[in-house]
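These notes concern the structure reproduced below.
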Amino acid sequence: MVQNRKADYESQPKATNVVELQVKYLAPGMQIARDIFSSDGKILVSQGKEVSQHSIKKLQDWQIETVLIVQEKAANPLIRSEVQQFINTYNQSIDVISKAFEKTRETQEIPLEVFAAANKEIQENIPASGNIIDQLYNLPPCDDYTFRHSVNVSVITALIAGWLGYPPDIVNQMSLTGLLHDIGKSQLPQHILNQPNLLSNSDYELYKRHTHYGAELLQKNLDIPQTVKHGITAHHEREDGSGYPYALLGDKIHPYAKIVAIADLYDEGMTISREEGMLLSPYAALERLKDNIYKIEAKAAITFINRMTNFLSGNVVALTDGRIGRVVFINKDTPSRSIILINDGQIVDLTETRGVHIFHLV
C-alpha cells in the first residue's frame with residue numbers, strides 16, 4: 001500500500017500548512033512533508049527532500065497520484081542584505097531623479113552628472129538575481145510615477161542587457177538610456193503627466209511629443225553619448241513600423257532603444273496604466289509582452305519572459321475572485337492563468353476556471 005496519505009501523518013509532529021497535492025502539480029523546489037513509499041515498501045522520496053524533476057518523474061513512473069508537501073510562507077527576499085541595500089539605493093534614486101527632472105523642467109538643461117551618479121549607484125547595487133523585479137512593485141508608490149517608472153526601466157534594462165551577454169560598459173550605457181528615456185516628459189504640462197485615466201486623443205498626441213522634447217534636450221548636452229541619445233529618441237519605435245516619432249522599421253531602430261522598449265512596455269503596464277481601474281500583475285504584464293512580440297525585439301523579449309517566469313513561480317498571489325494562494329506552476333503561454341495552490345489546500349488550474357486570473361502579488 002502506498003503510504004502518502006494525511007491519515008498516516010497524524011502521529012508525526014505537523015509541519016505548518018501541510019497539504020495534499022496531486023503529483024501532476026508538483027514543481028521543483030517544493031518540500032516533501034512525508035516519506036513516499038512504492039507499492040513494495042521502498043522509499044521513493046524522503047520526508048524533507050526538495051522536489052526535483054528527477055523525483056517528479058520517479059513518482060510518475062510509480063503511478064503515485066498524490067503526496068504531502070509543506071506549504072511554506074514565501075521567504076521575504078528583502079531580508080537578504082544585498083537586496084535590502086538595493087532597495088535603499090532604489091528609494092534614494094527616485095528622490096534624486098525627481099529633483100533632477102524638476103531642474104530639467106526649470107532650466108531646459110539635463111544635469112547629466114546627477115543622472116550618471118544615480119545610474120552608477122543603481123548598477124553597483126542591482127542583485128545578480130532578477131527576482132528583485134517583482135519586489136519593486138510591492139514597495140510603497142511615490143507621488144509621481146514618472147520618476148519611479150524611470151528608475152524601474154533603468155533596472156530592468158540593465159538586467160535584460162546582462163542576460164543577453166552585453167559587456168558591463170554597454171550595460172551601463174543601456175541603463176543610463178533607461179534612466180533618461182522619459183526626460184522629455186519634463187517639458188510636458190503637469191495635467192498630462194498626472195492624468196490617471198486614458199488620455200483623450202488630443203492629449204495623447206501632446207504626450208507623444210515627449211520624444212521630440214527629449215531629443216531637443218539631448219542635443220544641448222554634448223557629453224551624453226550618441227548611442228544613449230539614439231536609444232532615448234527611439235524607445236517608442238516598434239519593429240513593424242507602428243511606433244513613433246518616425247515609424248521606423250526594425251533594422252532602423254537603435255539596439256539600445258529595443259531593450260529599453262521592452263523594459264518600458266513591461267513597467268508601463270505595472271505602474272502607469274491609464275485604463276481606469278486597471279491593475280496588472282507581473283503575470284499579466286508578461287502576457288502583454290507576448291501579445292506584442294511582433295512589435296518588439298523578439299530574442300530580448302523571450303529572454304526576459306523566460307527569466308521572469310522562473311522568478312515568479314512560488315509567489316503568493318490574490319486572484320480576481322478574492323482567493324489567496326501560491327503559484328505552483330507557471331503557464332508560460334498565459335502566465336496570469338497558472339496553477340495555484342489555494343490557502344485551503346485546493347488546487348486551481350486557472351486555464352480551466354473561466355473569468356478568474358491572477359490579480360496581484362500579496
Side-chain angles (χ1 to χ4, degrees), residues 88-125 136 139-158 172-197 199-200 202-237 244-246 254 256-257 260-261 263-264 267-268 270-274:
N88 292 340
T89 300
Y90 174 88
N91 288 329
Q92 292 167 7
S93 296
I94 290 175
D95 183 56
V96 168
I97 297 307
S98 170
K99 293 175 181 176
F101 260 76
E102 285 306 309
K103 185 174 182 180
T104 304
R105 180 186 296 278
E106 294 169 2
T107 65
Q108 282 74 56
E109 293 183 357
I110 299 172
L112 178 60
E113 68 285 353
V114 176
F115 283 98
N119 184 61
K120 183 174 183 291
E121 282 291 311
I122 292 169
Q123 288 300 299
E124 290 177 348
N125 288 284
L136 300 182
L139 298 173
C142 60
D143 293 336
D144 192 323
Y145 53 64
T146 298
F147 313 132
R148 178 172 177 173
H149 173 65
S150 296
V151 177
N152 287 355
V153 170
S154 177
V155 171
I156 297 170
T157 296
N172 182 66
Q173 285 200 359
M174 286 190 179
S175 176
L176 180 61
T177 305
L179 197 59
L180 283 165
H181 79 287
D182 273 345
I183 192 63
K185 289 182 179 178
S186 65
Q187 307 305 302
L188 290 177
Q190 287 288 353
H191 80 273
I192 297 290
L193 294 179
N194 298 330
Q195 171 60 259
N197 303 326
L199 294 172
S200 66
S202 60
D203 279 350
Y204 183 61
E205 288 303 314
L206 178 56
Y207 169 83
K208 288 164 62 176
R209 294 289 301 171
H210 78 272
T211 55
H212 290 289
Y213 298 147
E216 292 172 357
L217 289 169
L218 293 166
Q219 291 310 313
K220 296 178 182 179
N221 194 315
L222 300 180
D223 294 326
I224 298 176
Q226 286 298 319
T227 50
V228 173
K229 292 179 179 179
H230 288 312
I232 293 168
T233 303
H235 75 274
H236 278 295
E237 300 288 358
Y244 63 89
Y246 303 117
H254 194 275
Y256 289 15
V260 171
D264 182 46
D267 188 73
E268 193 175 70
M270 293 294 297
T271 58
I272 61 173
S273 174
R274 298 182 185 275

Problem set entry | Nearest-0.5 Å distance that lies between atom CD1 in I224 and atom CD in Q173 | 11.5 Å
Exercise. Are Y90 and R148 close enough that a side-chain donor and a side-chain acceptor fall under 3.5 Å?
Worked result: yes
For this session: Look up atom NZ in K120 and atom CG in L179, then write down how far apart they are to the nearest 0.5 Å.
Result: 14.5 Å
Exercise. Got a salt bridge between E205 and K208, using NZ or NE/NH1/NH2 to carboxylate O under 4.0 Å?
Worked result: yes
For this session: Please work out whether the ring planes of Y207 and H210 are parallel, tilted or perpendicular, with thresholds of 30° and 60°.
Result: tilted
Pairs under 3.5 angstrom only: tabulate donor-acceptor contacts from the side chains of residues 228-235 to other protein residues two or more places apart or in another chain.
{"from": "K229", "atom 1": "NZ", "to": "L218", "atom 2": "O", "distance (Å)": "3.2"}
{"from": "K229", "atom 1": "NZ", "to": "N221", "atom 2": "O", "distance (Å)": "3.0"}
{"from": "T233", "atom 1": "OG1", "to": "K229", "atom 2": "O", "distance (Å)": "3.0"}
{"from": "H235", "atom 1": "ND1", "to": "I232", "atom 2": "O", "distance (Å)": "2.6"}
{"from": "H235", "atom 1": "NE2", "to": "D182", "atom 2": "OD1", "distance (Å)": "3.4"}

Exercise. side-chain contact (heavy atoms from CB on, under 4.5 Å) between D223 and E113: does it pass, once the steps are laid out?
Worked result: CA-CA 10 Å; D223 294 326; E113 68 285 353; over 6 Å; no
For this session: May I ask you to check whether H181 and H149 place their ring centers less than 6.0 Å from one another?
Result: yes
Exercise. Taking the side chain as C-beta and beyond, is there a heavy-atom pair between T89 and E124 under 4.5 Å?
Worked result: no
Problem set entry | Step-by-step side-chain contact (heavy atoms from CB on, under 4.5 Å) determination, E268 to V153 | CA-CA 9 Å; E268 193 175 70; V153 170; over 6 Å; no
Problem set entry | Neighbour count above 12 (heavy atom, 6.0 Å) for E109 CD | no
For this session: Determine, stepwise, if the pair I110 / K220 fulfils side-chain contact (heavy atoms from CB on, under 4.5 Å).
Result: CA-CA 8 Å; I110 299 172; K220 296 178 182 179; over 6 Å; no
Exercise. What is the minimum heavy-atom distance between R105 and Q108, and which atoms define it?
Worked result: O-NE2, 2.7 Å
Seminar exercise, completed: In this structure, OG of S186 is separated from CG of L188 (nearest 0.5 Å) by 8.0 Å
Exercise. Going by atom types only, do S175 and T157 share a side-chain donor-acceptor pair under 3.5 Å?
Worked result: no
Exercise. Okay, side chain of S154, backbone of S150: is any donor-acceptor separation there less than 3.5 Å?
Worked result: no
Exercise. Rounded to the nearest 0.5 Å, what separation is found between the CG atom of N119 and the CG atom of L180?
Worked result: 8.0 Å
Exercise. Do K185 and Y213 have side-chain atoms, one donor and one acceptor, less than 3.5 Å apart?
Worked result: no
Problem set entry | Distance in Å, E102 CD paired with T107 OG1, rounded so as to fall on 0.5 Å steps | 10.5 Å
Problem set entry | Spacing of I97 atom CD1 and I94 atom CD1 [to the nearest 0.5 Å] | 9.5 Å
For this session: List the atom of G214, the atom of I183, and the distance in Å for their closest heavy-atom pair.
Result: CA-CG2, 4.1 Å
Exercise. Within the distance-only criterion (no hydrogens, no angle test), does the side chain of D264 pair as donor or acceptor with the backbone N or O of V260 below 3.5 angstrom?
Worked result: no
